[in-house]
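Below you'll find the structure, written out as structure tokens, and then a few comments.
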There are 2 protein chains.
Amino acid sequence: MTTQYKPTEKELEILQVLWTQGPATVRAVNDRLGKGREIGYTTTLKLMQIMFDKGLVSRQKEGKTHIYSAEISEEKTQNQLLDRLLDTAFKGSAMKLVMQALGHKKPSKEELEEIRKYIDQLEGGMK
Amino acid sequence: MTTQYKPTEKELEILQVLWTQGPATVRAVNDRLGKGREIGYTTTLKLMQIMFDKGLVSRQKEGKTHIYSAEISEEKTQNQLLDRLLDTAFKGSAMKLVMQALGHKKPSKEELEEIRKYIDQLEGGMK
DNA sequence: AGGTTAATACGAAGATTTTCGTAAATGATC
DNA sequence: GATCATTTACGAAAATCTTCGTATTAACCT
């Protein structure tokens with residue numbers, strides 16, 4: 001397992017778009033990003049070029065434009081950021097993090113039920 | 001609820017020390033930080049001065065030194081970072097985050113039990 | 001009081017991340 | 001093939017974060 005690169009804030013935003021939309025052009029990504037605050041086209045372009053150099057995304061020429069695809073998986077990245085948050089802010093206590101997430105975000109009864117099932121499953125596999 | 005300031009990486013490390021040790025001098029914090037890699041005293045000093053300017057910590061003169069205390073609570077900060085992670089990486093799905101944390105970090109049976117109890121409690125309060 | 005030691009204040013360099021302007025390249029259109 | 005619109009490439013400024021060197025200040029000790 002290679003030591004994975006840690007995306008910056010903006011890089012993560014771009015990855016989000018690519019994960020949800022699938023492969024996309026710079027133009028498409030930029031449009032999607034600009035929902036909150038406007039951001040220059042060349043800014044997004046530059047970011048995506050850097051991400052390409054870093055191997056975070058791949059790209060494929062289509063006519064005169066490039067189609068970019070995420071090269072790191074959403075789940076892996078989530079896990080990595082989770083680990084990071086755990087280390088830096090929760091002193092490694094996954095339980096504390098889970099409890100705070102549950103308490104703070106108020107999941108629905110159905111969601112709680114699903115989590116309960118998941119816990120059952122985890123316990124089942126450990127006795 | 002005030003829009004809370006987002007601590008940087010190093011600031012968070014310093015807050016960690018203050019949260020676990022309680023109020024401390026720059027020297028003490030720096031010693032504690034230097035467990036992994038050495039870091040210059042004046043570096044830590046500068047960071048803590050900046051944090052003071054930002055209101056992240058308070059300080060009190062004791063002889064010729066300053067005693068610094070965390071001014072933002074550990075729990076609030078954790079929650080804020082959690083929210084942030086949720087938004088930026090988990091698209092707001094607290095459940096997904098919880099499930100990944102549980103699956104990935106392999107809590108003990110006792111911890112799972114505790115979480116289960118907590119879920120019971122949450123469900124109890126919502127019917 | 002003078003000298004020593006340790007802390008603070010200040011400024012600035014270095015590193016990283018984010019932003020964008022300008023120029024060059026590439027297709028599309030007439 | 002000249003023009004136009006859009007994209008890419010490149011470089012560099014702006015912003016933020018991290019680091020530390022140097023000077024100043026403050027207590028302490030003979």
Side-chain angles (χ1 to χ4, degrees), chain A residues 3-18 23-69 72 77 80-81 84 88-89, chain B residues 3-18 23-69 72 77 80-81 84 88-89:
Chain A
T3 305
Q4 227 185 333
Y5 177 78
K6 175 188 171 287
T8 68
E9 181 105 7
K10 291 297 174 189
E11 286 173 349
L12 200 52
E13 283 181 37
I14 289 172
L15 286 170
Q16 279 293 0
V17 175
L18 294 178
T25 62
V26 174
R27 174 73 49 198
V29 170
N30 183 250
D31 286 351
R32 182 50 71 105
L33 284 183
K35 294 292 166 167
R37 63 189 60 168
E38 217 50 42
I39 186 171
Y41 173 81
T42 51
T43 302
T44 304
L45 172 65
K46 180 69 168 185
L47 279 172
M48 292 177 77
Q49 286 171 339
I50 291 172
M51 290 168 78
F52 174 71
D53 291 340
K54 289 175 174 174
L56 289 175
V57 299
S58 61
R59 68 189 185 186
Q60 184 188 351
K61 200 142 195 165
E62 181 94 13
K64 82 170 153 180
T65 85
H66 281 136
I67 314 273
Y68 287 81
S69 311
I72 61 178
T77 305
Q80 194 195 319
L81 293 172
R84 196 179 172 65
T88 58
Chain B
T3 305
Q4 226 184 334
Y5 176 78
K6 175 188 171 290
T8 70
E9 181 105 7
K10 290 297 172 187
E11 286 173 348
L12 199 52
E13 283 181 37
I14 288 172
L15 285 171
Q16 279 293 0
V17 174
L18 293 178
T25 63
V26 174
R27 174 71 52 195
V29 170
N30 182 251
D31 286 350
R32 183 49 72 105
L33 285 182
K35 293 294 166 166
R37 65 187 59 167
E38 217 49 43
I39 187 173
Y41 174 81
T42 51
T43 302
T44 304
L45 171 66
K46 181 68 167 186
L47 280 173
M48 292 177 77
Q49 285 171 342
I50 291 172
M51 291 168 79
F52 175 71
D53 290 340
K54 289 174 174 173
L56 289 175
V57 298
S58 60
R59 68 187 187 185
Q60 184 187 351
K61 202 144 194 164
E62 180 92 16
K64 81 171 153 178
T65 86
H66 280 136
I67 311 273
Y68 286 83
S69 311
I72 61 179
T77 305
Q80 193 197 320
L81 293 172
R84 193 177 175 68
T88 58

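Note that this is a predicted model, so its numbers are computed, not measured. Below, chains carry the letters A, B, ... as their sequence lines are ordered, and counting in each starts from 1.
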Review point. Ignoring hydrogens and geometry, is there a side-chain-to-backbone donor-acceptor pair from Thr42(A) to Leu45(A) under 3.5 Å?
Key: no
Exercise for review: Return the value, rounded to whole Å, for the distance between atom CE of Met48(A) and atom C1' of dC10(D).
Suggested key: 18 Å
Revision key, fill the gap. Note: Gly40(A) and Asn30(A) closest approach over all heavy atoms is O-ND2, 3.5 Å
Point to revise | Backbone of Lys10(A) reached by a side-chain donor or acceptor of Glu13(A) within 3.5 Å | key: no
Revision key, fill the gap. Axis-to-axis angle for the helix from dA1(C)-dT30(D) to dC30(C)-dG1(D), ends of five pairs each, to 10°, equals 10°
Review point. Phosphate oxygens OP1/OP2 of dC10(C): is one of them under 4.0 Å from a side-chain N or O of Gln49(B)?
Key: no
Give each protein N/O atom lying under 3.5 Å from an N/O atom of nucleotides 18-20 of chain C, with the pair distance.
unit_1	atom_1	unit_2	atom_2	d
dT18(C)	OP1	Lys10(A)	N	3.4
dT18(C)	OP2	Thr8(A)	OG1	2.5
dC20(C)	OP2	Gly40(A)	N	3.0
dC20(C)	OP2	Thr43(A)	OG1	2.9

Practice item. Working to the nearest 0.5 Å, report the span between OG of Ser58(A) and CD1 of Ile67(A). Key: 11.0 Å
**Study point:** Residues Glu9(B), Arg84(A): salt bridge by 4.0 Å N-O rule
**Key:** yes
Exercise for review: Output yes when at least one side-chain N/O atom of His66(A) is less than 4.0 Å from OP1 or OP2 of dT8(D), else no.
Suggested key: yes
**Study point:** Contact nearer the 5' end of DNA chain C, comparing Lys54(A) with Ile67(B)
**Key:** Ile67(B)
Point to revise | Shortest non-hydrogen separation from Leu18(A) to Ser69(A) and the atoms involved | key: CD1-C, 4.1 Å
Review point. Is Gln16(A) reaching over with its side chain to a backbone N or O of Thr88(B), donor-acceptor style, under 3.5 angstrom?
Key: yes
Review point. Is Arg27(B) near enough to dA7(C) that one of its side-chain N or O atoms lies under 4.0 angstrom from OP1 or OP2?
Key: yes
**Study point:** Interatomic distance, Asp31(B) CG vs dA6(C) C1' [rounded to whole Å]
**Key:** 13 Å
Check your understanding: Taking only side-chain nitrogens and oxygens of Arg59(A), does any of them come within less than 4.0 Å of OP1 or OP2 of dA9(D)?
Key -> yes
Check your understanding: Asp53(A) CG to dG11(D) P: how many Å, rounded?
Key -> 13 Å
Review point. Is there a donor-acceptor pair under 3.5 Å between the side chain of Gln80(B) and the backbone N or O of Thr77(B)?
Key: no
Check your understanding: Is the CZ atom of Arg32(A) crowded by more than 12 outside heavy atoms at less than 6.0 Å?
Key -> no
Exercise for review: Using heavy atoms to find the nearest nucleotide of DNA chain C for Lys64(B) and Gly63(A) separately, return the residue whose nucleotide is more 5′.
Suggested key: Lys64(B)
Practice item. Starting from P on dC17(D), measure out to CD1 on Ile14(B) and report it in whole angstrom. Key: 13 Å
Point to revise | Glu13(A) CD - dT17(C) P separation (whole Å) | key: 15 Å
Practice item. Whole angstrom is fine here: how far is it from CD in Glu62(A) over to P in dT8(D)? Key: 12 Å
Check your understanding: Rounding to a whole Å, what distance do you find between Leu45(A):CG and dA12(D):P?
Key -> 17 Å
Check your understanding: Phe52(B) CZ to dT8(C) P: how many Å, rounded?
Key -> 12 Å
